[in-house]
Amino acid sequence: MTTRKHQIVAAIPAEGESPVVLFDFDEWFTLGVGTDFSPPEVRDSSTWTQLEDGNTSGASTLGDRVIRLVLTQFRGNAEDQAEVLQTLGRLLDDSRGQWFLWQDEGTVHERFFRTKRASVPVEDHYLLERPKRTLNLTIPAEPKAKGRRVEGSVVITNNPLAGANPLVAELPAIKGDVSAPLWIEAVFSYDAGIPVGLGSLAVPPGMVVDAPFWLDVSDMTPEAGTGYAWSVVSDPVFIGGSARRLTQDAGTPTLTSQTVLSSTDVLQGIPPGDYRVFMRGGVKSVLGPDPVFGTVLRLGNGTLTYVVDGPTVTSASGGSGGFLDMAWLDMGIVRLPTAYPELSPAYETIGIADGRTDFGLMVSDGKADAELTIEGFLYVPVGLDLGIDATWSTMTRYYADTTIIVDGLADQITPLQADGNPANILARFDGWLPRVTPGADNYIHTLSGVISPFSESITNDPITTTITLNYAYLPEYLYIRSATG
Amino acid sequence: MRNRHTIRLDGKAGSLTITRRVSDLEFTNIENGGYGSGSFTLQRPISRTEFLTYTDVLVFDGRTARQVAGGRILTPGRSASDQGEVANVAFLGEGPAAMGAVERPYFLIDQTMDHFVMASRTTTGMDYNTSPYPNSSTPEDASLLMDTKDGATILENAELVIVNRLAQRCGMLFGGIGYRHKEGQSTVNWRARARMYSNDLSGWDTVDDDAWDTTISSRAVRTVNGAFTNKAVAGFQWKRLNSDDVAVAGTWSAFRDWKARAQLYGTDGVLRTIGYTNEYVLAGEAFVDWCVRNCPTFDMEHANVTPGTYEFDQLSWPDGIDGMAFMDELLSMEQGLMWGVYEKQGNGLFRTELIERSTQVRYELSTRDGYDEAAPADDLFNVVYVLWTSPAGKPQMTRVPSTGVADVPDLDARGGVPQSKVLTMGDEVGSASQATQRGQEFLDAHATVPNGGTLTISGGRRIRDNYTGRLIAPWEIEPGYVGRIRGLSPRPDTLNPNGAPNGSTLVRIVSMNWSDSRSTAQLQLDAYPVDQYHMIADLITKRR
């Protein structure tokens, strides 16, 4: 018996279930020569000049797929055929499209194409002794075929040094041919309603990237300066049990802008590319909710040349004497290593051993007696230049919602209220939602309390919190599918 | 790879990411204004209304989650045709939109005399006009003159009041006033008084009460810090005390060298009470005041504002000005500065800055993807005639330089052939120093042949950013900075790392236009800053 299948089905069934078949081509026809499921063509938007060889590709996307079915040996009597043609016409004429199941001879998995409205051209051979009909269908479809839904669940801890999945979780091998959007139900153990960050990483074979990278403040050098002093504070609320605290001298009204913390080459070997840097820190001020410290990152090859503006750190509102609330402060985007030679994009995965990562923190405008407590810095890969396919998005939580639905297929995030009903508002987010990429090591990483520049105040984000990610995706295929892929 | 821009709408009802339904995204960022304008086509049933006018559009670089463009939706044009139901959406950056949206009477510092009118007098024997006082040694030296008819009897307590309602007309308050006065006789029975009035003139703060003196007074500078509070009407009163008087030739009094400053807002959003003893305004405080008053969506509290150095002594538009024209006027005399409004921040406000235009090379560019230079040599000038109007309303001309020609290398090489231009400073009154400044800034900007060209960069390129050390995508290029173009033959001095635009390999990027459908960025190079307003006006009116 053949395992070849050509069917229109009601939906992509869950794993282990059979699809509801709306029309089975193999029941009524034999598919002839010319039937074609070729992958779609790439549309490349490239430029070229007489100044150099080759084209420069600006962007490329896949065009729509065209499925061709050559249907011969129409079975049944005239009434049967009329009924079949009517059914087929109704299905293919539906402007919403259909799911088309294709499974090739000798393979164990089917693919599902999302087709678009198509016509049903029929050729009647009147002059033959026994009249017959053939159909040559040309059905447009979305470029990528889908497989059955794959599900999983991971729990990520908000601490780079503790838990099975410290800030990041590796996903099991991803199925499919090309990267696919994720659908995620994120359940928070802590419902402070603060913005969260969510990213995905796809590390290609041959690269080992232990990202995101954590630089503990204990590995950095506190710089002596005027108007402040450093101390070490130990408390289990801090990552690794301790942090460094900068206390501004009493009577010093404002701090002059100066580099207070530096590190030399601690992140050596980091893959070259862009990183979003988060400072794990908090402030305390006797003055209450005023802006307390202006922060700036300085990077460079020993000389700390490059400057990236960080946020003005504001203490929590309310408490007299200020709270000490720790959170992930978004410091902006930097490129590391800082003294890395400029390579053409194709070769950026080649590591260079002595790329330096000198790095410093500069603060200014502190208030007298104010404290800035720092646990360390987190480097989140962003962008494609790393050779890693990375996404990052920061999203706002409107309520003290413990669950949000991150729907990468529809590009939207829906908070759920306490009773499980969706909130009547879509959450705001910056950037791209997470994806998974087959043929690579896939990671999801989260930050549960992200403070972007000039947010009103820091809301506490304890290291004991967890985020449970119940994820699902539909693997996406270009053509044929193996037993494991 | 595909272009990884993501597009979000922020409206009253929440946020919606519409990336997958958008085509033909295009945006332009500009040197003065920041995020400039943009447009896209949205495949969408036209009955849906989530993209209302003034909804915020935010365009992110999806790779880094960094905002790269945005603005307010101005024209959600909708159509249903053989292309389906689509919305052609145009948006204008928050900076140009908020600045251009507000037109109002406005002043910062003013020394004109025609805002003074006679408010009251008790006798026709006292009269007021703006003319030189008797025996003035300076010709055409108009002053605020109270004169009397010879032989007229002036009764005890007779008075004449003139008032200046400029601040009231602009919906503002006075922050400080300055003047001198001189009389035809010395007597304590005649008084020359400076007063700040309530709008109906029923109440006032007496600022000065001086006896008449034939010697010109030292300059009085009075401010809201002590002399008066919350006043939008300034006035002078001449008053006879103690006895009747019969007017003679010396019965006159003149106030002169008038200057008034508006009370300004600081970055904290509160009216400043100090800083008005300077009888000039800097570009930074002017920018802050305008934005705090008129642009509530700008984050002025955290704005990066450079004070500027040029001391403006005349900035006044009682007949109204809009924010774009205001910044254009301001920066035409302070061309070392540029302003912009950028990302929507965590607090819901937009990042705003007025910063010095850097002369350091920031971007390393190449001509590989296309370069088109139209170098107009007839835009070189070595002489400029500035036409302006004196505080008394008289036409004036200032030639810059006052003699000879300015140093313009290409014209000097031809023996210093003159190329000159007339600049008319508009209906508003100028001052001699501002006329010179305006002329000099114009000459500085027209001393080298501008490239005035267009540089095309493919979306596949990565560009070295010498400020951040990053390799950036073309759409991340920030206009206003200097780029070095490799692939052009350099002049001998142009390969050093630092340098102002020289019309050859170092160019200032005036605007960056990104088109997703073409996957290319087009950089406009080296246009004159003073032309920015007109370019933006073109962008606003341009329909795709």
Side-chain angles (χ1 to χ4, degrees), chain A residues 45-47 49 51-52 56-61 195 197 199 273-274 276 291 299-300 305-309 311-312 330 332-335 338-340 342 344-345 382-385 390-394 396 398 410-413 424-433 451-456, chain B residues 1-4 6-8 10 13-21 58 60-67 299 301-302 304 343-349 351 364 366-371 456-462 464-474 487 516-521:
Chain A
S45 173
S46 62
T47 56
T49 73
L51 299 173
E52 64 176 1
T56 303
S57 178
S60 58
T61 49
D274 285 347
R276 198 174 264 274
L299 308 110
T305 320
Y306 305 120
V307 173
V308 179
D309 286 337
T312 297
D330 190 342
I333 298 164
V334 302
R335 189 174 187 88
T338 45
Y340 195 71
E342 184 175 346
S344 61
V382 291
L384 297 169
D385 290 348
T391 69
W392 177 258
S393 53
T394 307
T396 307
Y398 288 90
D411 264 346
Q412 62 190 32
I413 297 175
N424 60 351
I425 194 163
L426 293 175
R428 199 172 70 206
F429 66 95
D430 301 351
W432 250 46
L433 296 178
I451 305 299
S452 53
F454 307 120
S455 293
E456 289 307 311
Chain B
M1 82 216 69
R2 52 179 267 211
N3 288 317
R4 295 206 164 179
T6 61
I7 304 172
R8 192 179 88 204
D10 276 6
S15 291
L16 186 67
T17 296
I18 54 171
T19 311
R20 286 161 202 262
R21 294 195 289 267
L58 291 84
F60 297 92
D61 185 331
R63 303 173 313 136
T64 59
R66 178 174 175 270
Q67 197 187 337
D299 187 357
E301 188 182 348
H302 302 108
N304 180 7
E343 303 91 329
K344 191 176 188 182
Q345 301 174 152
N347 57 8
L349 301 174
R351 181 170 71 84
E364 303 286 354
S366 94
T367 55
R368 281 181 299 190
D369 297 327
Y371 176 64
T456 305
I457 303 178
S458 161
R461 303 265 181 222
R462 291 290 174 269
R464 180 91 184 167
D465 178 346
N466 289 320
Y467 278 21
T468 62
R470 292 179 58 213
L471 293 175
I472 60 169
D516 256 6
S517 51
R518 291 196 305 271
S519 285
T520 54

**Student:** List for me each residue that meets side-chain hydrogen bond (donor to acceptor under 3.5 Å, both in side chains) alongside B:Asp369, sequence neighbours excluded, and say none if there are none.
**Tutor:**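 Residues passing side-chain hydrogen bond (donor to acceptor under 3.5 Å, both in side chains) with B:Asp369: B:Arg461.
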**Student:** Which heavy atom in B:Leu471 sits nearest to a heavy atom in A:Asp274, and how many Å separate them?
**Tutor:** O-OD2, 4.2 Å
**Student:** Report the distance from atom CG of B:Leu16 to atom CD of A:Gln412, rounding to the nearest 0.5 Å.
**Tutor:**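 So the gap between those two atoms works out to 7.0 Å.
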**Student:** Apply side-chain hydrogen bond (donor to acceptor under 3.5 Å, both in side chains) to B:Asp465 and list each qualifying residue two or more places apart in sequence or on a separate chain.
**Tutor:**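 side-chain hydrogen bond (donor to acceptor under 3.5 Å, both in side chains) check on B:Asp465 returns B:Arg362, B:Thr468.
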**Student:** Measure across B:Gly62 and A:Trp432 and return the closest heavy-atom pair with its distance rounded to 0.1 Å.
**Tutor:** O-CB, 3.4 Å
**Student:** To the nearest 0.5 Å, how far apart are CG in B:Asp61 and CD1 in A:Ile333?
**Tutor:**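 So the CG of B:Asp61 and the CD1 of A:Ile333 are separated by 7.5 Å.
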**Student:** Out of A:Asp411, A:Ile413, A:Val334, return the one with the most heavy atom pairs under 4.5 angstrom to chain B.
**Tutor:**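 Maximum pair count with chain B is reached by A:Asp411.
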**Student:** Any idea which heavy atoms bring A:Ser393 and B:Ala65 closest together, and the distance?
**Tutor:**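 Taking A:Ser393 first and B:Ala65 second, the nearest heavy atoms are CA-CB, 4.5 Å.
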**Student:** For chain A, find which of B:Ala473, B:Pro474, B:Ser458 contributes the most heavy-atom pairs closer than 4.5 angstrom.
**Tutor:**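 With the most close heavy-atom pairs to chain A, the winner is B:Ser458.
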**Student:** Determine whether A:Asp430 and B:Gln67 satisfy the following criterion, side chain to side chain contact (heavy atoms under 4.5 Å, CB included), listing intermediate values before the conclusion.
**Tutor:** CA-CA 8 Å; A:Asp430 301 351; B:Gln67 197 187 337; over 6 Å; no
**Student:** For B:Arg66, is it the side chain, the backbone, both, or neither that has a heavy atom closer than 4.5 Å to a heavy atom of chain A?
**Tutor:**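 Both backbone and side chain.
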**Student:** What are the two closest non-hydrogen atoms of A:Phe429 and B:Phe60, and how far apart are they?
**Tutor:** O-CE1, 4.2 Å
**Student:** Considering non-hydrogen atoms only, spot the tightest contact between A:Arg276 and B:Thr64 and give its length.
**Tutor:** NH2-O, 2.8 Å
